[in-house]
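The figures here come from the full heavy-atom set of this structure, side chains too, leaving out hydrogens, waters and symmetry mates. Throughout, protein chains are lettered first and strands after them, A, B, ... in sequence-line order, and every chain is numbered starting at 1.
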Amino acid sequence: MWAFPFRLRPTYASKFLPKPGYSCVVLSTHALRINLDTREEETLLNFEVPVRSFTKLDGVKSEHALCVVSGNSNKNAIITRLVNRYAFLGDISSARITFNQIQKKDAYLWNSMLAAYVRRGSYNEALECYRQFLLSSDVQPDFYTFPPLLKACRSLSDGKRLHCMVLKLGYEVDVFVSASLVHLYSRNGLLDIARDIFDCMPLRDMGSWNAMLSGYCQNENAYEALDILYSIKSEGLKMDSVTICSVLPMVAQLNDVLSGLMIHVHIIKHGLEFDLFVNNALINMYAKLGHLADGQYIFDCMVTKDVVSWNSMIAACEQNNDPITACWLFRRMLSVGEKPDLLTMVSLASAVAQVNDSQSALVLHCYCTRRNWLSDGIVIGNAVMDMYAKLGNLNDAKKVFDCLPAKDVISWNTLITGYTQNGLASEALEAYWLMEKCEYVSPNHGTWVNVLPACAALGALKEGMRFHGLVTKNGLFADVFVGTCVVDMYGKCGRLDYAMSLFYKISRISTVPWNAMISCHGIHGHANQCVELFEEMLDAGVQPDYITFVSLLSACSHAGLLDKGKLYFQMMKEKCGLKPGLKHYGCMVDLLGRAGHLEEAYQFIKDMPIHPDASIWGAVLGACRVHGNAELGAFASERLFEVDSDNVGYYVLLSNIYASAGKWELIGDVPTVDYSEMKHQPGYIINQGFKNTCNCGIFLKRE
DNA sequence: CTAGGGTTAG
């Protein structure tokens with residue numbers, strides 16, 4: 001049995017060195033700090049390293065380092081302290097200059113330089129430094145060398161090589177070294193190896209437990225993570241801030257509000273509520289759980305905020321449908337002097353798209369381009385592209401896409417989604433074909449849920465069938481969304497038989513597949529099948545939602561099932577507790593109108609709790625055209641021109657109503673669009689088209 | 001001189 005190494009944590013002299021307004025004096029036995037204003041002296045600490053010379057360390061510039069070193073017999077000790085000080089201040093080049101001044105470096109000095117690189121995130125430089133360390137054959141790496149070095153290993157093969165070195169030198173007995181190994185393996189998903197090392201540790205400090213726990217949390221192993229949490233408790237240890245930061249994202253992912261609240265209580269009970277990381281994690285958790293106000297409260301209470309706090313809050317607003325606040329927070333962030341980073345822009349891009357602000361979109365794009373962020377990583381490029389696509393600006397989205405330094409599945413999916421969402425189904429398929437040619441990207445679930453609807457929109461059955469094959473091959477048919485898209489594609493392409501048989505092969509716990517199937521039957525006018533499916537859905541215990549009723553009511557209106565439609569509308573309000581939206585009211589007006597109950601439809605609109613939009617009045621107008629009610633038609637069109645004066649179709653409808661009622665003199669009263677103002681607008685061509693349609697539609701008929 | 005933690009499409 002070997003003895004477990006036990007080391008005291010040294011007090012860091014570097015903490016006490018330079019400070020504005022003070023002069024530091026380092027004596028052989030202790031260090032002094034003199035306040036330059038009051039001349040008061042303060043003893044800082046006793047050094048374990050003898051420093052013979054009288055030294056002033058009043059600044060942090062490298063010249064001072066030189067002045068310290070000159071004539072000092074214990075250069076290594078001073079240099080090492082300076083390297084650490086520079087590392088603490090983030091001045092890596094000064095640290096390196098200072099480091100290079102010593103020819104005969106000891107392990108302590110090498111370790112300091114290594115740690116300085118790792119602290120800055122310069123991992124490759126750290127590994128290079130280690131290589132030089134090994135080459136300088138006179139000294140060996142020690143316990144302190146490996147933990148930062150293992151953190152610097154981005155690739156598993158480097159990590160394994162270091163692991164061998166650790167074993168060769170017998171350093172696996174160190175708590176920090178083995179905890180770093182645990183972390184290395186769990187970060188790379190090799191949880192079994194990590195667990196083996198963890199289990200072999202004879203002593204575990206909080207850091208070891210946290211390393212194992214974060215491994216489980218990040219690899220979505222909730223069960224094992226809980227087990228570790230339980231063990232921590234039974235060892236008599238308490239969750240510290242790091243434990244909490246690992247666990248909170250998992251709590252959010254499991255949508256476990258109760259555990260989240262319990263951890264929040266723990267935080268307050270143990271005085272961790274002032275920890276920056278803990279607060280940031282709490283904001284993120286509450287945002288993911290949809291409790292925006294709680295996140296906002298934490299954010300407002302935070303005394304010190306960093307860029308991550310701002311980013312988290314902006315993302316929280318953006319993800320909880322409050323893009324206006326997200327934009328406002330961004331302005332606040334700038335005004336308090338916090339520098340936005342790449343991830344700020346990722347969230348902001350999404351917020352800008354949600355508020356539909358093309359001007360800001362351009363500004364944001366320029367902001368990122370100026371900082372060269374678009375060539376740095378794909379994440380921000382994808383976000384900017386998505387923003388343009390959501391604003392309907394596919395040209396710029398494509399331009400950003402073409403300029404991306406590398407394209408991943410998300411880039412391709414964003415482009416394809418952009419096309420699909422903007423009704424450009426054939427462009428979406430073309431983009432998919434280009435994607436298929438790239439060997440290094442393979443389509444995923446996000447690809448199929450866009451490509452299949454594109455096929456459905458185009459009626460491209462043959463392509464759709466090919467995609468169905470690929471989906472099955474990749475085992476993605478089992479995914480509810482992908483499976484539903486396949487069913488929907490067959491349904492929309494007219495193969496309701498295939499759609500139905502596949503429908504019964506997918507999981508029908510959620511409303512998604514039911515809605516798709518009901519809508520497909522509705523589109524083909526099979527209202528009775530819709531009703532049957534709906535009843536079946538209720539029998540299966542699936543609670544219908546907003547979309548279910550849109551499909552169902554629209555099927556009823558197309559088939560003229562007046563009573564059924566009314567029944568389901570009541571059912572939605574009373575039994576299902578759903579508040580009808582504009583779409584539902586639209587269906588009902590259409591239903592009443594088509595059945596010729598124009599007065600009832602009008603009464604229905606008057607009783608609506610929400611303001612009717614163009615689609616509602618459009619439905620009335622259409623019904624007036626069919627049933628020849630010129631008076632109500634005129635009234636409806638007045639309302640219509642108030643809300644949507646540019647839509648050509650409505651003018652045509654009104655003209656036709658007058659024409660069929662024989663009221664030719666009124667056709668001149670149909671308001672026309674003032675083209676002079678519209679010449680520069682995208683709708684101009686369409687409106688010009690309207691002029692001809694109106695004339696042809698009416699006057700040819702008369703002759 | 002050492003670990004462990006946070007934000008990324010649909």
Side-chain angles (χ1 to χ4, degrees), chain A residues 7 9-10 12 14 80-81 83-84 87-88 106-116 118-119 142-151 174-184 186-187 205-215 217-218 240-249 252 275-285 287-288 306-316 318-319 341-347 349-350 353 377-383 385-387 389-390 408-418 420-421 444-450 481:
Chain A
R7 283 186 261 109
R9 186 174 284 262
Y12 307 135
S14 58
T80 310
R81 287 204 160 83
V83 169
N84 291 332
F88 179 75
D106 60 2
Y108 192 167
L109 185 55
W110 278 107
N111 291 344
S112 299
M113 196 59 230
L114 259 169
V118 176
R119 181 198 267 271
D142 65 2
F143 286 122
Y144 287 98
T145 314
F146 289 96
L149 202 53
L150 286 165
K151 188 185 174 188
D174 185 86
V175 217
F176 287 134
V177 174
S178 44
S180 300
L181 282 169
V182 168
H183 188 239
L184 170 83
S186 59
R187 192 174 56 198
D205 67 344
M206 207 52 216
S208 330
W209 288 101
N210 285 340
M212 198 62 240
L213 180 70
S214 76
C217 290
Q218 278 169 15
D240 68 357
S241 57
V242 179
T243 323
I244 290 164
C245 289
S246 310
V247 172
L248 285 184
D275 187 294
L276 181 66
F277 275 43
V278 166
N279 279 324
N280 290 345
L282 274 175
I283 295 175
N284 284 318
M285 180 196 72
K288 295 252 160 63
D306 70 349
V307 63
V308 179
S309 322
W310 287 97
N311 287 355
S312 303
M313 202 56 231
I314 291 174
E318 175 266 305
Q319 283 161 14
D341 69 356
L342 213 132
L343 287 155
T344 321
M345 292 326 212
V346 172
S347 298
S350 177
I378 19 184
V379 177
I380 179 75
N382 290 347
M385 207 167 99
D386 188 55
M387 171 182 75
K390 286 212 180 96
D408 62 357
V409 208
I410 299 176
S411 321
W412 284 101
N413 286 356
T414 308
L415 184 71
I416 296 174
T417 312
T420 323
Q421 303 284 340
N444 67 4
H445 141 124
T447 319
W448 300 121
V449 298
N450 281 294
F481 292 98

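Across all strands, A:E318 comes closer than 4.0 Å to no nucleic acid atom at all (heavy-atom distances). Counting non-hydrogen atoms under 4.0 angstrom, A:S180 reaches the backbone sugars and phosphates but no base. Within 4.0 Å (heavy atoms only), A:D306 reaches at least one base atom of the nucleic acid. A:N450 comes within 4.0 angstrom of nothing in the nucleic acid, heavy atoms only. Residue A:D275 is classed as a base contact, given a heavy-atom separation below 4.0 Å to a base. When heavy atoms are screened at a 4.0 angstrom cut-off, A:D386 is found touching the sugar-phosphate backbone but no base atom. Among the protein residues, A:D142 comes within range of no part of the nucleic acid, since none of its heavy atoms lies under 4.0 Å from any strand.
Checking side-chain atoms of A:S347 against main-chain N and O of A:T344 turns up no donor-acceptor pair under 3.5 Å. Of the possible donor and acceptor atoms, none in the side chain of A:D386 sits under 3.5 Å from a partner among the backbone N and O of A:N382. The backbone N or O of A:V242 sits less than 3.5 Å from a side-chain atom of A:S246, completing a donor-acceptor pair.
For A:S214, whose side chain is taken as the heavy atoms from C-beta onward, the closest listed nucleotide among B:dG4, B:dT7, B:dA9 is B:dG4. Counting only heavy atoms from C-beta on, A:P147 has its side chain closest to B:dA3 among B:dT8, B:dG5, B:dA3. With B:dA9, B:dG5, B:dT8 as the candidates, the nucleotide lying closest to the side chain of A:N413 is B:dA9. With B:dT8, B:dA3, B:dG4 as the choices, the nucleotide that has an atom nearest any side-chain atom of A:F176 turns out to be B:dA3. Closest contact between the side chain of A:K151 and the listed nucleotides B:dT2, B:dT8, B:dG4 involves B:dG4. Taking the side chain of A:D205 as heavy atoms from C-beta on, and the options B:dG5, B:dT2, B:dA3, the nearest nucleotide is B:dA3.
Nucleotide B:dT8 holds its C1' atom 11 Å from the CG atom of A:D341, rounded to whole Å. If you take CZ of A:F146 and P of B:dA3, they are 14 Å apart, rounded to a whole angstrom. Nucleotide B:dT7 holds its P atom 11 Å from the CG atom of A:L248, rounded to whole Å. Residue A:N111 contributes atom CG, which lies 11 Å from atom P of B:dA3 at whole-angstrom precision. Rounded to an integer number of Å, the gap from CG of A:L181 to P of B:dA3 is 13 Å. In this structure, A:L342 places its CG atom 15 Å from P of B:dT7, rounding to the nearest Å.
The residue from A:D306, A:D341, A:N284 that alone fulfils the side-chain hydrogen bond (donor to acceptor under 3.5 Å, both in side chains) condition with A:N311 is A:D341.
In this structure, the separation between CH2 on A:W110 and OG1 on A:T80 is 12.0 Å, given to the nearest 0.5 Å.
Under the 3.5 Å distance criterion, with hydrogens and angles disregarded, no donor-acceptor pair is assigned to the side chains of A:D408 and A:N413.
Remark: the A:D240 side chain and the B:dG4 base include a donor-acceptor N/O pair separated by less than 3.5 Å.
Remark: A:H183 is in phosphate contact with B:dG4, judged by side-chain N or O atoms under 4.0 Å from OP1 or OP2. For A:Q319, a side-chain nitrogen or oxygen approaches OP1 or OP2 of B:dT8 to under 4.0 Å.
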